[in-house]
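All heavy atoms count here, side chains included; hydrogens, waters and symmetry mates do not. One-based numbering, in listed order, for ligands and for the atoms of each. Note that this is a predicted model, so its numbers are computed, not measured.
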Amino acid sequence: MNGEPNIDLLIRDENLPAELKKIAEKVRSNERISFDEGLLLYEKAELGYLGVLANYIREKRHGNKTYFNRNFHIEPTNLCVYDCKFCSYSVLIKERSEGWEYTMDEMLDIVKKYDSQPVTEVHIVGGVLPQYDLKFYSDLFTAIHNHRPDLHVKALTPVEYHYIFKKAKIDYATGMKLMKEAGLDSIPGGGAEIFAPEIREKIAKDKCTGEQWLQIHEEWHKLGMRSNATMLYGHIEEFKHRVDHMDQLRRLQDRTGGFQTFIPLKFRNQDNQMSHVPEVSVIEDLRNYAISRIYLDNFDHIKAYWAMISRSTAQLSLNFGVDDIDGTLDDTTKIYSMAGAEEQHPAMSTRELVDLIKQVGRHPVERDTLYNVVTDYQNYNFPEEKKPEFYKLPVIN
Ligand code: V47
Ligand code: SF4
């Protein structure tokens with residue numbers, strides 16, 4: 001950063017209301033903001049102010065570095081015993097005709113498709129069905145590991161774990177230990193939605209509670225393992241529910257330090273039971289990224305999931321606290337395309353991801369799931385693409 005940091009100019013601005021000046025000073029001196037201050041940011045702070053604070057934190061932690069990985073998804077089924085109102089992807093068991101249910105062999109075939117490709121992670125998440133039980137998933141994780149030991153298995157959420165452990169009559173601690181032994185490497189952030197029971201009851205009735213979601217992550221962290229966290233925002237929740245959600249994550253992170261990344265997930269309203277709820281604006285998305293960067297002072301990374309918010313919003317988000325834009329995906333996830341996201345077949349080549357990041361002046365770094373650097377692309381030259389024959393113009397003397 002050249003010259004005086006923008007945050008200092010902001011603090012000296014005489015027109016800045018005292019309460020916002022106090023928050024800016026706290027951020028400048030690395031002090032944690034309170035619940036009420038988080039709420040105040042949602043209620044009163046405009047985008048420019050939030051961008052200065054969030055970008056200050058982002059650049060202090062990561063400079064211009066912007067992370068991505070090479071991954072693919074396996075979505076075992078889109079059928080589900082639950083009936084989350086926001087879910088465009090699940091089909092109730094009774095409407096089975098539109099669903100898919102992969103067998104173990106079909107899932108391994110998907111893994112094998114990537115045998116010659118330099119992917120580092122498989123992300124497995126889908127609906128909940130009785131046949132996908134403790135034994136099934138343990139066998140799947142072990143089989144993936146046996147086939148390709150270097151592939152990081154990031155799989156399932158507390159929604160699935162709660163269901164399969166209950167069916168197997170084992171407690172969370174025993175269950176997570178078994179999963180680790182079977183070959184699970186980390187847990188993705190899904191299933192968190194909004195923890196507040198009064199909202200969760202209305203949008204995600206019957207599945208694991210917010211408290212149970214947190215307990216399962218805590219047991220996993222106690223084994224020395226890492227996970228992510230999400231928040232589904234922009235539907236019927238109020239600002240206080242978002243702050244409460246982040247506050248519960250921040251308190252667990254203080255105890256365990258096991259979370260790597262926070263991923264705000266924008267509610268998309270196509271073809272689900274909440275289609276009447278309007279989607280929030282891009283401005284609100286950016287405000288939300290920035291406030292999460294400011295509030296979650298003990299999280300290393302904030303991720304914008306490009307497949308959900310579009311490539312251009314992902315680029316913008318890099319000025320609002322975001323330092324990670326997820327992975328190449330290779331058109332292997334349907335969760336968001338079915339809910340109305342701009343990307344109907346989400347896939348980007350490494351080169352496209354690198355260009356996307358460089359176009360907005362940031363420094364692309366390919367990481368593995370645990371944020372070890374795989375390739376630094378700042379000064380990397382991609383091999384010349386083979387030009388079609390008609391580029392060979394005759395030499396005219
Ligand atoms: O839990 C479902 C969300 C999540 C909709 O950890 C919806 O790296 C918006 O958690 N509108 C699953 N969101 C995806 C997920 C995830 C994605 C990318 C990276 C990581 C990670 C985790 O998708 C669900 C739910 O919260 N979701 N339907 C919808 N209509
Ligand atoms: Fe099932 Fe997950 Fe969809 Fe809820 S969000 S209905 S748990 S697939």
Side-chain angles (χ1 to χ4, degrees), residues 67-69 71-73 75-93 95 99-100 121-129 132 152 154-163 185-195 199-200 203-208 210 213 217 226-237 245 259-275 277 279-280 285 299 301-309 314 324-329 332-343 346 367-371:
Y67 297 95
F68 68 93
N69 71 348
N71 64 350
F72 63 98
H73 283 224
E75 297 178 347
T77 177
N78 66 337
L79 300 167
C80 191
V81 297
Y82 298 119
D83 182 25
C84 300
K85 303 301 173 215
F86 55 82
C87 183
S88 322
Y89 160 88
S90 79
V91 181
L92 282 174
I93 289 185
E95 294 163 24
W100 70 82
E121 172 191 286
V122 54
H123 179 162
I124 306 173
V125 72
V128 179
L129 285 184
Y132 297 124
H152 181 108
K154 181 170 92 177
L156 314 186
T157 74
V159 177
E160 286 98 339
Y161 290 124
H162 170 77
Y163 180 86
D185 293 306
S186 71
I187 314 187
E193 325 312 356
I194 281 282
F195 294 144
I199 302 296
R200 202 173 178 86
I203 63 167
K205 200 164 155 281
D206 299 330
K207 71 184 189 184
C208 75
W213 189 98
H217 279 265
R226 313 304 300 270
S227 66
N228 290 340
T230 58
M231 172 174 77
L232 182 70
Y233 72 93
H235 43 90
I236 59 165
E237 90 288 6
H245 189 92
F259 287 119
Q260 306 200 103
T261 310
F262 179 66
I263 311 147
L265 295 173
K266 176 197 185 109
F267 163 66
R268 308 300 311 242
N269 69 3
Q270 199 172 297
D271 289 334
N272 55 43
Q273 296 171 69
M274 288 168 70
S275 291
V277 177
E279 290 179 3
V280 295
D285 296 331
F299 274 62
H301 302 281
I302 305 289
K303 185 195 282 188
Y305 190 40
W306 67 266
M308 180 185 61
I309 52 158
D324 188 313
I325 56 170
D326 203 74
T328 40
L329 299 176
T332 48
T333 173
K334 293 198 171 50
I335 297 180
Y336 294 106
S337 50
M338 291 172 86
E342 289 77 3
E343 297 283 342
R367 59 163 177 87
D368 65 13
T369 313
L370 301 175
Y371 288 85

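In Phe86, the parts holding a heavy atom less than 4.0 Å from any atom of ligand 1 are both the side chain and the backbone. At a heavy-atom cutoff of 4.0 Å, ligand 1 is contacted by the side chain of Asn272 but not by its backbone. Residue-level proximity to ligand 1 for Ile263 is carried by the side chain, the only part with a heavy atom below 4.0 angstrom. At a 4.0 Å heavy-atom cut-off, ligand 1 touches Lys266 through the backbone alone. Residue contacts with ligand 1, taken as heavy atom pairs separated by less than 4.0 Å, involve Asp326 solely via side-chain atoms from C-beta onward.
Once rounded to the nearest 0.5 Å, the distance linking CD of Glu75 with CD1 of Ile124 reads 11.0 Å. Taking NZ of Lys154 as the reference point, atom CD of Glu121 lies at 4.0 Å (rounded to 0.5 Å). To the nearest 0.5 Å, atom CG of residue Leu265 and atom OG1 of residue Thr230 are 5.0 Å apart. Interatomic distance, CG of Asn269 versus CD of Glu279, reported as 4.0 Å (0.5 Å rounding).
For Gly189, a nitrogen or oxygen atom sits less than 3.5 Å from a nitrogen or oxygen atom of ligand 1, counting backbone and side chain alike. Where the criterion is an N or O separation shorter than 3.5 Å, residue side chain and backbone included, Gly190 meets it with respect to ligand 1. For His123, no nitrogen or oxygen atom sits less than 3.5 Å from a nitrogen or oxygen atom of ligand 1, counting backbone and side chain alike. Residue-to-ligand polar distances place Lys154 within reach of ligand 1: an N/O pair is separated by less than 3.5 Å. Here's the thing with Glu193: one of its N/O atoms is less than 3.5 angstrom from an N/O atom of ligand 1.
Across all non-hydrogen atoms, the minimal contact from Pro158 to Gly190 is CD-O, 4.0 Å.
Between Tyr371 and His301, the ring-plane angle classifies as parallel under the 30° and 60° cut-offs.
The distance from ligand 2 to the heavy atoms of Lys207 drops below 4.0 Å at these ligand atoms: 4 (Fe), 5 (S), 7 (S). Every atom of ligand 1 with a heavy atom of Asn228 under 4.0 Å away is listed here by number and element: 6 (O), 8 (O), 21 (C). Close approach to Gly191 involves these atoms of ligand 1, each under 4.0 Å from a residue heavy atom: 1 (O). Counting the atoms of ligand 2 from 1 in the order shown, those under 4.0 Å from a heavy atom of Gly127 are 8 (S). When each atom of ligand 1 is checked for a heavy atom of Thr230 under 4.0 Å away, the hits are 10 (O). Taking a cut-off of under 4.0 Å to the non-hydrogen atoms of Leu232, the atoms of ligand 1 that pass are 7 (C), 9 (C), 13 (N). Residue contact check: Pro188 has heavy atoms under 4.0 Å from atoms 6 (O) of ligand 1. When each atom of ligand 1 is checked for a heavy atom of Phe267 under 4.0 Å away, the hits are 9 (C), 11 (N). Near Phe86, with a cut-off below 4.0 Å to any heavy atom, the atoms of ligand 2 are 5 (S).
Judged purely by atom type and a 3.5 angstrom limit, Arg226 has no side-chain atom pairing as donor or acceptor with the backbone of Asp185. Between the Thr328 side chain and the Asn71 main chain, a donor and an acceptor come within less than 3.5 Å of each other.
Not close to ligand 1: Met274, with no non-hydrogen atom less than 4.0 angstrom away. Ligand 1 has no atom lying under 4.0 Å from any heavy atom of Gln270. A heavy-atom separation below 4.0 Å is not found between Ala204 and ligand 2.
Residues Phe86 and His235 place their aromatic rings such that the two centres sit no closer than 6.0 Å.
At a cut-off of 2.8 Å, Cys80 is not counted among the residues with an N, O or S atom near atom 4 (Fe) of ligand 2.
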